[in-house]
Amino acid sequence: MTGQHMNSPDKSGWRVTVLGGGAWGTALALAMLRAGHSVRLFARDPETVAAIGHGENPRYLPGIAIAPGIEATGDIKVALAGADCVLAVTPAQALRATLAAAKDHMPAGIPLVLCAKGIERDTGALLSAIVEEILPQNPVAALSGPSFATDVARGLPTAVVVAARDEALAADLAARFSAENLRCYSSDDLIGVEIGGALKNVFAIAAGAVTGAGLGASAQAAMVTRGFVELRRIGAAFGARPETLMGLSGLGDLLLTCSSTQSRNFAYGLALGQGKPLAGLPLAEGVPTAAIAARIATERNIDAPIIAAVAAILDGTITIRQAVTALMTRPLKTETND
């Protein structure tokens, strides 16, 4: 990043590129526009590019008007030209391919902000590690927290966290991204923010499955609470700070995602619990994350029975009721030691 970017007293006026034309990418493009930046959005789908040009994105954000000023393109070279900052909003499992396509066109030194949540299924890598591997000259940050795309797109009050290992960079990005009804806090615990964002999707599937199976609100509350214990265990193993996981990107995101059908992961779990067809449902990042998180927990000897149960349910090894029974009949311990 050039000195003038980091030291400019005016937080507005950046050229922000958004990679990803789905609901979250479009919502963040609108948020950047409201924060005073010029915005280019890259989408692979020509219909999405054309629709945004006409002030809508009916496939992903039906009924929400897209304010003029977002330049949509299907050419990643055009999208990245002259950018001061890039938001990567492609799904976690597609991030590596997206960054490989962007590599030759990425302006040197500008920050790349991860806005997807997950762990790479094939390698177990956190998304920041993928950025550091493919784009070592670009500082990496992450934006996470309890936020639904429709709320952000409509400009409803939302609070998120922007994290980077460089505290000054995190604070600068948070200031530049903040606008009326979007409050951005900063953090230098990049790993903690990533872990919270990735794992809450797995627990949202669990909460949705319990609800869909008709096991009651008490079971759902237990699932979410005990899930948070597992999140903290795995976070600690990766070096995440406890206070980060207690914050917006951990507990806050977990509570939102585990309580509403607006959450794709909760909705996926709900359909799973109800025995409904899963084909055609919106992408649920918790599905690939569950398998790799379960593997990581096993390899690191971390007790994570809910994550293991979700992974087993998703691969068809056990049923939801078998999983809940197994969880309820685990050896009794004190709560603080379990």
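Keep in mind that what you see is a predicted model, and the values were worked out from it rather than measured.
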Single-linkage hydrophobic cluster Val39~Leu173, side-chain heavy atoms < 4.5 angstrom: yes

Any donor-acceptor N/O pair, Arg40 side chain to Ala81 backbone, under 3.5 Å: yes

Side-chain donor-acceptor pair present, Asn57, Thr26, cut-off under 3.5 Å: yes

Aromatic ring pairing His37/Trp14, orientation class (parallel under 30°, perpendicular over 60°, tilted between): tilted

Close side-chain approach of Leu248 and Pro146, heavy atoms under 4.5 Å: yes

Any side-chain donor near an acceptor of the partner, Asp315 and Thr317, under 3.5 Å: yes

Between Glu167 and Ser186: side-chain donor-acceptor atoms closer than 3.5 Å: no

Arg295, CZ atom: more than 12 neighbouring heavy atoms under 6.0 Å: yes

Side-chain heavy-atom pair Arg59, Asp45 within 4.5 angstrom cut-off: yes

Heavy-atom side-chain proximity of Lys117 to Glu285 below 4.5 angstrom: no

Contact check, side chains of Ser249 and Glu194, non-hydrogen atoms, under 4.5 Å: no

In one Ile/Leu/Val/Met/Phe/Trp/Tyr side-chain cluster, 4.5 Å: Ile66, Val152: yes

Beyond-backbone contact of Leu156 with Asn181, side-chain heavy atoms, under 4.5 angstrom: no

Among Thr289, Thr257, Asn201, the one residue meeting side chain to side chain donor-acceptor pair (under 3.5 Å) with Asn265: Asn201

Short side-chain to backbone donor-acceptor contact, Glu120 and Ala129, under 3.5 Å: no

Donor-acceptor pair between Gln262 and Thr150 side chains, under 3.5 angstrom: yes

